Amino acid sequence: MFHVGGARSALFNWVMARQSGGALVLRIEDTDTSRNRPEWTEGIIRALAWLGMDGDEYEGPYFQSAGAAQHAEALRTLMDQGRAYYCDCTRDDVIARTGDQHKGYDGFCRDRGLGPGPGRAVRFRTPDEGQTTVVDLIRGNPVFENAVLEDFVVARADGSVTFLLANAVDDIQQRITHVVRGEEHLSNAPKQQLLWTALGAEPPVWAHVPVIVNEKRQKLSKRRDKVALEDYRAEGYLPEAMRNYLMLLGWAPSGDREIVPWKDIEAEFRIEDVNSSPAFFDVKKLRAINGEYVRALPVERFAAECRPWLDPARAPWDSYDPAVFERLASLAQTRVAVLAEIVEMVDFAFLPEPPFDEAAWNKGMKGPAAELLAGAEDAYRDAPWTAEELKTRLEAVGTAHGLKLGKAQAPVRVAVTGRTVGLPLFESLEILGRETTLARIAAARTRLG
RNA sequence: GCCCCCAUCGUCUAGUGGCCUAGGACGUCGCCCUUUCAAGGCGGUAACACGGGUUCGAAUCCCGUUGGGGGCACCA
């Protein structure tokens, strides 16, 4: 599962790396062995590739767990400097003492001089005074009082180091100059910076990207919101549209433009211009933008992009004819905003029977539907099978009943396609062919009684 | 509770002291086109959270208020 927020951060990182000629490094932060799956990495790589980031666009992936030796060494350095100490407090101990779940560590073991042992973690001794200023390209330079920074854990009781330390060590070693990540990490920045300094390095420049929120203005969460890039991909959002939209969240290209070629984005983007307030993930807008991209596709490309959704393995029909779809594609292109929608747009042509929908049937078969269908059947039996002719003949049938084409076509549409709305009717009939069309009209007449 | 952040139409944004009776896009509404539905065209709707300053002048700068958000794990 690749979170859309992560995707946006990745995009920002990517663009910045390309602009500066620097390298983008992909690091899998797997220091917590208890919650890690190798296949997740594959998913991340696949998602990045879908967005346009092939393996040659970044260095790595590096696995953080592979650096355990250096992490351990850094830990020793901190111990030797007296910047870290052993602690045997459990979380419950701390809460019992402070009476507050969210108060952070109280420094109980700071000067107990504990040695290593089972159940003992290592905490970093944060300075009692002074301030830590985080140089952040997006939110100015937030200042943190060192005194309010708790003594955080840098190594677990089992000896493994935590994310904070591992990151600092790896960042220093990989000579990271810019850290661009979600705002939820902002409060980690001063801690990590303290670590960088303690390890003798000059801290990087940060950019904490505002979170993406839902309609209730809360950070998008896997639990309650649709956040997986893969889900959008499966619905038929185009990667070009997705990355264009993601870049629009918190940033805007020059001029009154929104649909912008990627090369322009790459040329114009500046992390300093990213808004510092949270942005709502508006699927309606995403959809609109996707529609623009879909319509801009050459029709052959459009047809090719639709293929996965039409494949009998996935579609509700057993077999389908690519030649038929090719003829329908141009009719469907302006009517599809998200590729998955192609299925119900053209299913009438591949299903043995038109799909039946009670509401559609009732709506389409109102009034003189029976007479209209009878008239159409007669008119079509020997008609030259062209859309033009089919239209003219049904028009005449309608006129005989005092109806305009808009009304007269309704029963035929429902009889043949099963729906009240859809592709242009006469063109569809032409492609469907006389035999099927007539058979469906006859079937509908029977059903009508 | 503590730390940090944020605040322009419903939404994403433009705007960096006069060009702003605040622009664009999505949404929404209406009209046109029309074989349904889209697409397309035209038009409407709708915002500087509030209160104080600073200034000749403030959406833009400062302070406060209110409101929202993020974080406070031996997760990352």
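Just so you know, these numbers come straight off a predicted model, no measurement behind them. Below, chain A is the first sequence line, B the second, and so on; all start at residue 1.
- Comparing the P positions of B:rA59 and B:rC9 gives an interatomic distance of 15 Å, to the nearest angstrom.
- A donor-acceptor pair shorter than 3.5 Å can be found between the side chains of A:Tyr85 and A:Asp151.
- Within 4.0 Å (heavy atoms only), A:Arg419 reaches no atom of the nucleic acid at all.
- Note on A:Leu425: a base of the nucleic acid sits closer than 4.0 angstrom, heavy atoms only.
- Summarising the base pairing, B:rU34 is matched to no nucleotide, lacking a Watson-Crick or G-U wobble pair whose two defining distances lie under 3.5 Å.
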Which atoms of nucleotides 25-28 of chain B (N or O only) lie under 3.5 Å from a protein N or O atom, and what are those distances?
{"unit_1": "B:rA25", "atom_1": "O2'", "unit_2": "A:Glu258", "atom_2": "OE1", "d": "2.3"}
{"unit_1": "B:rA25", "atom_1": "O2'", "unit_2": "A:Lys285", "atom_2": "NZ", "d": "3.2"}
{"unit_1": "B:rA25", "atom_1": "N3", "unit_2": "A:Lys285", "atom_2": "NZ", "d": "3.0"}

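- Taking 4.5 Å as the limit, some side-chain heavy atom of A:Phe124 sits within range of a side-chain heavy atom of A:Leu195.
- For the P atom pair drawn from B:rG1 and B:rA39, the interatomic distance equals 49 Å after rounding to whole Å.
- The side chain of A:Asp100 lies closest to B:rG1, out of B:rU13, B:rC74, B:rG1.
- In this entry the distance linking CZ of A:Arg287 with P of B:rA38 reads 11 Å, nearest Å.
- As a whole-Å value, the separation of A:Asp273 CG from B:rC12 P is 18 Å.
- Contact annotation for A:Gly182: no contact, since no heavy-atom pair falls under 4.0 Å across all strands.
- In plain terms, the two heavy atoms of A:Leu249 and A:Phe280 that are nearest each other are CD1-O, 3.9 Å.
- For B:rU21 and B:rC62, the P atoms lie 23 Å apart once the distance is rounded to whole Å.
- With hydrogens and angles left out, the side-chain atoms of A:Gln64 and A:Asn167 include a donor and acceptor closer than 3.5 Å.
- Scanning both residues, A:Asp106 and A:Arg97, for their nearest heavy atoms gives OD2-NE, 2.6 Å.
- Within the nucleic acid shown, A:Glu145 has no heavy atom closer than 4.0 Å to any nucleic acid atom.
- Of all nucleotides present, none satisfies the Watson-Crick or G-U wobble test against B:rA46 with each distance under 3.5 Å.
- At the heavy-atom level, A:Phe144 lies under 4.0 Å from the strands shown only through sugar-phosphate atoms.
- Residue contacts shown for A:Leu423 include a base, since a base heavy atom lies under 4.0 Å away.
- At the heavy-atom level, A:Val336 lies nowhere under 4.0 Å from the strands shown.
- Remark: A:Thr31 is in phosphate contact with B:rA76, judged by side-chain N or O atoms under 4.0 Å from OP1 or OP2.
- A:Glu389 and A:Trp385 share no donor-acceptor pair across their side chains, judged by distance under 3.5 Å alone.
- Nearest nucleotide to the side chain of A:Ala157, out of B:rU35, B:rC74, B:rC12: B:rC74.
- B:rA58 makes up no base pair with any nucleotide shown, lacking Watson-Crick or G-U wobble contacts both under 3.5 Å.
- Residue A:Arg156 has a polar side-chain atom (N or O) positioned under 4.0 Å from OP1 or OP2 of B:rA76.
- One C1' atom belongs to B:rC75, the other to B:rG71, and the distance between them is 13 Å to the nearest Å.
- B:rA7 and B:rU66 make up a base pair, with Watson-Crick or G-U wobble contacts both under 3.5 Å.
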Could you list the protein-to-nucleotides 60-70 of chain B atom pairs, N/O on both sides, closer than 3.5 Å?
{"unit_1": "B:rG70", "atom_1": "OP1", "unit_2": "A:Lys219", "atom_2": "N", "d": "3.0"}

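- For A:Arg295 and B:rG40, the shortest distance from a side-chain N or O to OP1 or OP2 is below 4.0 Å.
- Side chain A:Thr334 to base B:rA38: a donor-acceptor pair is found below 3.5 Å.
- With B:rU36, B:rG1, B:rU13 as the choices, the nucleotide that has an atom nearest any side-chain atom of A:Ala279 turns out to be B:rU13.
- Judged purely by distance below 3.5 Å, without hydrogens or angles, the side chains of A:Glu377 and A:Tyr380 never pair a donor atom with an acceptor atom.
- Across the C1' atoms, B:rA38 and B:rU34 are found 11 Å apart, a figure rounded to whole Å.
- Comparing A:Ser277 and A:Pro424 against RNA chain B, the residue whose closest nucleotide sits nearer the 5' end is A:Ser277.
- Between A:Asp93 atom CG and B:rA73 atom P there is a gap of 15 Å when expressed in whole angstrom units.
- A:Phe280 comes within 4.0 angstrom of the backbone, heavy atoms only, and of no base.
- A:Phe426 and A:Ala387 get closest at one heavy-atom pair: CB-O, 3.6 Å.
- Whole-Å rounding puts the A:Asp171 CG to B:rA76 P distance at 14 Å.
- If you take atom C1' in B:rG53 and the same atom in B:rC12, they sit 32 Å apart, rounded to whole Å.
- Counting non-hydrogen atoms under 4.0 angstrom, A:Arg139 reaches the backbone sugars and phosphates but no base.
- At a threshold of 4.5 Å between non-hydrogen side-chain atoms, the residues A:Arg224 and A:Asn214 count as touching.
- One side chain, A:Asp158 or A:Ser160, offers a donor N or O that lies under 3.5 Å from an acceptor on the other.
- Remark on RNA chain B: of its neighbouring residues A:Arg335 and A:Ala155, the 5'-side contact belongs to A:Arg335, judged by nearest-heavy-atom nucleotide.
- The side chain of A:Asn275 sits closest to B:rA14 out of B:rA14, B:rA76, B:rC37.
- Between A:Arg257 atom CZ and B:rG23 atom C1' there is a gap of 16 Å when expressed in whole angstrom units.
- At a cut-off of 3.5 Å, with distance as the only test, a side-chain donor of A:Thr132 or A:Asn146 sits close to an acceptor on the other residue.
- Going from atom CG of A:Leu165 over to atom P of B:rA73 covers 18 Å, rounded to whole Å.
- Across all strands shown, B:rU21 has no partner, as no Watson-Crick or G-U wobble contact with both distances under 3.5 Å is found.
- Put simply, CZ on A:Arg270 is 12 Å from C1' on B:rU16, counting in whole angstrom units.
- Within the 4.0 Å cut-off from OP1 or OP2 of B:rC72, not a single side-chain nitrogen or oxygen of A:Asn188 is found.
- Side-chain contact between A:Pro204 and A:Gln192: absent, with no pair of heavy atoms (C-beta onward) separated by less than 4.5 Å.
- A:Glu272 comes within contact range of no nucleotide atom at all, as no heavy-atom separation falls under 4.0 Å.
- Using atom C1' as the reference point in both B:rG17 and B:rC61, the two lie 8 Å apart (nearest Å).
- Using a 4.5 Å heavy-atom threshold, the side chains of A:Val134 and A:Gln193 count as touching.
- The aromatic rings of A:Tyr245 and A:Phe281 lie perpendicular to each other, with more than 60° between the two planes, well past the 30° mark.
- At whole-Å resolution of the value, CD1 in A:Ile44 and P in B:rA76 are 14 Å apart.
- Between B:rA76 and B:rG51, the two P atoms lie 47 Å apart (nearest whole Å).
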